[in-house]
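Atom set for the values below is all heavy atoms of this structure, side chains included, hydrogens, waters and symmetry mates excluded.
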Amino acid sequence: MKPVLLLVDFQNDFLRAGDLEPYPASIVAAATDLLNTSRTGAVPVVHVWSTVNRSGDNRMPHQKRNGVWMCLEDSAGHACPDVLRPHKKETIIHKTFFSAFSTGQLDLVLHELNADALIIAGVHLHACVRATALDAYAKGYSVVVAEDSTASNDPLHGAITKRYLQKRSLVFRSSGEILAAISAGGARFGELLVDKEPEVVTHSSPRNCERTWRVAAGRKPDIEAAVAASRKALEDWRRVPVDDRLRLLQAFGRQLEQHERQLVDLLVEDIGKPIRYARDEVARAIALIDAAAKQVEPRQDRVPQKTGFRREPLGVIALVGPFNNPLAIPVGKIVPALLYGNVVIWKPAVPGSRITQQTADLFAMATGWPKVLQVLPGGDQTARELMAVSDAVTISGSLKAGRAAQEICATHHIPLQAELGGNNASIVWRDADLGAAAESISEGAFAFAGQRCTANRRAVVDSSVYDVFLDQLILASRRLVWGDPVDEKTQIGPLISSASHNRVKAVIDRARAASLRVITPLEKFNGDRSGACLEPTIICCDNPDAEVVQEETFGPVLVIQKAKDWDKAISLCNGVKQGLAAAIFTTSPKRIEDFLRRVRAGILKINCSTANAAVDLPFGGWKASGIGPAEHGPSNREFFTRMQSIYLA
């Protein structure tokens with residue numbers, strides 16, 4: 001294979017326009033790695049730039065209509081970031097419309113290079129990248145899209161574009177996979193172009209990377225068989241009286257309780273969860289069963305006389321689980337789904353595969369109904385294919401995963417419940433107990449290496465007490481215990497993988513490069529054998545648009561923002577796209593009332609950190625943190641059933 005790297009529209013005007021997902025700095029970093037490796041690996045590079053001339057006004061019609069001037073030739077916005085600046089021998093192609101092929105110049109360049117494959121990265125996936133990829137497809141080139149080196153300001157359209165292109169044999173790969181293929185040479189690069197279903201998924205213990213296991217991935221025949229078995233079981237399960245279903249599920253809870261030690265050991269080994277929090281997770285799973293049982297109303301329907309209504313189960317539920325709470329979060333969905341007469345196919349996150357299978361075995365042992373809860377291990381492709389053939393989807397995961405689920409569910413007209421994480425802020429006001437606030441926020445930010453969707457990501461602090469609070473926060477963070485998850489004292493263990501470590505560290509490094517103050521409070525931190533440990537980090541940032549403010553790191557990083565007045569504090573708290581949880585530390589009833597009225601998040605807390613949540617209350621985010629009904633409490637019935645009205649003649 002003779003690949004060429006195309007960098008499409010990595011120009012400052014596009015990167016600074018806002019609303020890009022992923023955040024511009026992350027795609028630029030990934031593209032920079034691709035560029036540097038291509039140069040050392042003798043892969044030719046072509047830079048494609050949109051170029052507008054004011055004298056001739058060659059803007060596209062929609063730009064003229066909207067009065068938009070972008071990428072004016074020789075302007076700062078027309079240029080690319082310095083790290084992506086072309087070398088003298090690298091070709092720059094200027095275009096006006098979407099596709100890099102639109103001027104005909106690229107055809108000539110690729111012919112001279114004798115290229116037969118293209119690696120495409122750039123902005124925007126749903127527009128210029130898509131148009132370029134489709135034209136390349138029409139011209140017979142093999143195409144690999146660098147997934148983490150592309151972004152879109154219309155992310156749902158971007159998810160649609162990905163599925164559309166994949167169906168036409170254009171493959172999406174991470175920059176890491178592409179870098180490895182370039183380094184290995186042409187034969188290895190050809191392997192990237194085979195978009196086949198993976199036969200196995202692998203995971204290494206965060207405690208020790210030498211401990212690795214492989215799990216067979218669900219493929220199309222496996223998915224079809226699981227769905228067929230589920231539909232058959234559904235007809236019998238939905239006829240089981242609700243009281244009998246409840247007794248079976250309570251027996252499942254007793255099995256979890258009896259096998260607590262085994263489940264805790266798996267949580268510690270497989271995801272690196274400190275043992276104290278692993279025990280909490282098993283206890284929470286059991287508590288969620290009890291809480292769901294209390295929500296079932298035996299007389300929830302109105303028996304028809306002349307008219308009536310009833311609630312019916314949705315059918316086959318696809319449950320896509322997260323890695324960070326691979327037991328409690330799924331159990332909190334499984335139990336109400338089954339109580340209301342549905343059946344469940346559970347696709348766990350890869351790190352949670354062994355925990356999931358053990359849990360399903362305990363369920364089958366307790367209930368004697370193995371087909372109403374089936375496990376289907378695998379990666380993203382397994383999840384997408386399962387969601388497309390189910391009757392409803394409930395997912396906990398990243399915003400990217402939620403976009404993919406949203407697109408699939410909209411296409412197939414099926415309900416979606418999605419919990420997509422948070423970028424949670426605590427407001428600390430001048431009248432608060434600053435020491436108590438610091439203790440609560442530091443634990444909420446750094447425990448379990450910050451891998452909780454409710455973790456404290458930001459602290460918005462009254463400027464009059466900012467310095468005092470920061471000192472208190474540093475001291476409180478130093479008192480946290482990091483180490484081996486098997487140690488009873490450990491609060492901060494490793495991240496889920498070395499890849500996660502590298503991703504979060506790159507965000508911190510970019511914050512340093514932007515001259516932000518970066519503080520690492522722990523006095524002793526020596527790393528670990530897995531390469532997945534990252535020391536807790538506090539970043540002081542007054543720029544509300546900075547990457548570290550706007551993006552959820554999902555790691556041990558806490559951002560401190562200064563608020564000059566109360567309105568600014570509310571603005572900063574609300575000033576991100578997510579809206580899962582928020583907290584306030586104050587003794588003022590008036591400020592608490594105003595906080596409750598103005599903050600846009602699904603979970604609001606007073607004088608305690610954003611981390612953790614009750615089992616009997618709705619759990620759901622606003623804005624980009626959630627799609628569809630919340631989880632738990634009265635929301636269970638709202639999502640897992642649908643209404644039917646009945647008329648009798």
Side-chain angles (χ1 to χ4, degrees), residues 229-257 282-303 309-321 325 327-346 356 359-375 390-396 414-417 419 613-620 628-644:
S230 291
R231 295 203 182 283
K232 185 176 180 181
L234 175 65
E235 294 308 310
D236 294 327
W237 179 253
R238 64 185 297 180
R239 293 188 180 94
V240 175
V242 66
D243 288 343
D244 291 340
R245 286 187 223 138
L246 178 56
R247 280 192 290 272
L248 291 170
L249 290 164
Q250 287 171 331
F252 169 49
R254 289 192 293 274
Q255 284 291 323
L256 295 180
E257 191 171 6
V282 177
R284 180 175 175 83
I286 296 166
L288 282 164
I289 296 175
D290 296 336
K294 294 175 183 177
Q295 296 292 332
V296 175
E297 298 178 17
R299 297 181 180 178
Q300 61 189 19
D301 303 333
R302 193 174 86 194
V303 178
F309 59 85
R310 65 183 181 185
R311 289 184 175 272
E312 287 288 282
L314 299 176
V316 178
I317 309 294
L319 190 163
V320 181
N325 287 286
L327 175 64
I329 286 178
V331 166
K333 299 166 183 275
I334 289 165
V335 171
L338 297 180
L339 272 174
Y340 286 113
N342 302 279
V343 295
V344 176
I345 302 176
W346 181 2
T356 297
T359 304
D361 290 345
L362 294 175
F363 175 87
M365 185 187 307
T367 66
W369 286 80
K371 298 302 181 183
V372 305
L373 175 61
Q374 297 183 77
V375 173
S390 300
D391 299 317
V393 173
T394 179
I395 180 173
S396 297
I414 59 175
L416 171 63
Q417 178 190 64
E419 193 280 294
V615 296
D616 57 347
L617 295 180
F619 184 97
E631 302 168 3
H632 312 325
S635 299
N636 285 334
R637 186 173 67 167
E638 181 183 352
F639 179 70
F640 289 114
T641 66
R642 65 176 68 192
M643 297 296 298
Q644 280 186 325

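- In terms of modelled atom types and a separation under 3.5 Å, the side chain of Asn636 and the main chain of His632 share a donor-acceptor contact.
- Of all the heavy atoms in Glu631 and Ser396, the pair that sits closest is OE2-OG, 3.5 Å.
- Of all the heavy atoms in Ile317 and Ala337, the pair that sits closest is CG1-CB, 4.5 Å.
- Arg642 places none of its side-chain heavy atoms less than 4.5 Å from the side chain of Arg311.
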* To do: Test Phe252 against Thr359 for side chain to side chain contact (heavy atoms under 4.5 Å, CB included), laying out the working first.
  => CA-CA 9 Å; Phe252 169 49; Thr359 304; 3.7 Å; yes
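- Atom CZ of residue Phe640 and atom CG of residue Leu338 lie 9.0 Å apart, to the nearest 0.5 angstrom.
- Between Ile414 and Asp391, the closest side-chain pair of non-hydrogen atoms is not below 4.5 Å.
- In this structure, Ala285 and Leu327 approach most closely via the heavy-atom pair CB-CG, 4.0 Å.
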Which donor-acceptor pairs under 3.5 Å do the side chains of residues 361-371 make with protein atoms, sequence neighbours left out?
{"residue": "Asp361", "atom": "OD1", "partner": "Gln357", "partner atom": "NE2", "Å": "3.1"}
{"residue": "Thr367", "atom": "OG1", "partner": "Phe363", "partner atom": "O", "Å": "2.8"}
{"residue": "Thr367", "atom": "OG1", "partner": "Trp369", "partner atom": "N", "Å": "3.1"}

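- The OG atom of Ser390 lies 10.0 Å from the CG atom of Leu319; values are rounded to the nearest 0.5 Å.
- Here the side chain of Asp616 pairs no donor or acceptor atom with the backbone of Gly633 at under 3.5 angstrom.
- Judged as a side-chain contact (heavy atoms from CB on, under 4.5 Å), and not counting sequence neighbours, the contacts of Thr356 are Trp346, Pro348, Val375.
- Of the possible donor and acceptor atoms, one in the side chain of Arg245 sits under 3.5 Å from a partner among the backbone N and O of Leu339.
- Looking at every heavy atom in both residues, Gln374 comes nearest to Ser230 through NE2-OG, 2.7 Å.
- Nearest heavy atoms, Gly253 versus Ile289: CA-CD1, 3.5 Å.
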* Could you go step by step and tell me if Leu248 and Trp237 meet the side chain to side chain contact (heavy atoms under 4.5 Å, CB included) rule? -> CA-CA 12 Å; Leu248 291 170; Trp237 179 253; 3.8 Å; yes
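- Not counting sequence neighbours, the partners of Ala630 by the side-chain contact (heavy atoms from CB on, under 4.5 Å) test are Pro618, Ser635.
- Between Ala360 and Leu373, the closest heavy-atom pair is CA-CD2, 4.5 Å.
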* **Residues Val331, Val335; criterion side chain to side chain contact (heavy atoms under 4.5 Å, CB included); working and verdict** => CA-CA 6 Å; Val331 166; Val335 171; 4.1 Å; yes
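- Rounding to the nearest 0.5 Å places CG of Asp290 at 7.0 Å from CD of Gln250.
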* Stepwise side chain to side chain contact (heavy atoms under 4.5 Å, CB included) check, Ile395 with Leu416 -> CA-CA 8 Å; Ile395 180 173; Leu416 171 63; 3.9 Å; yes
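- Within a 6.0 Å sphere centred on CD of Glu312, other residues, nucleotides and ligands contribute more than 12 heavy atoms.
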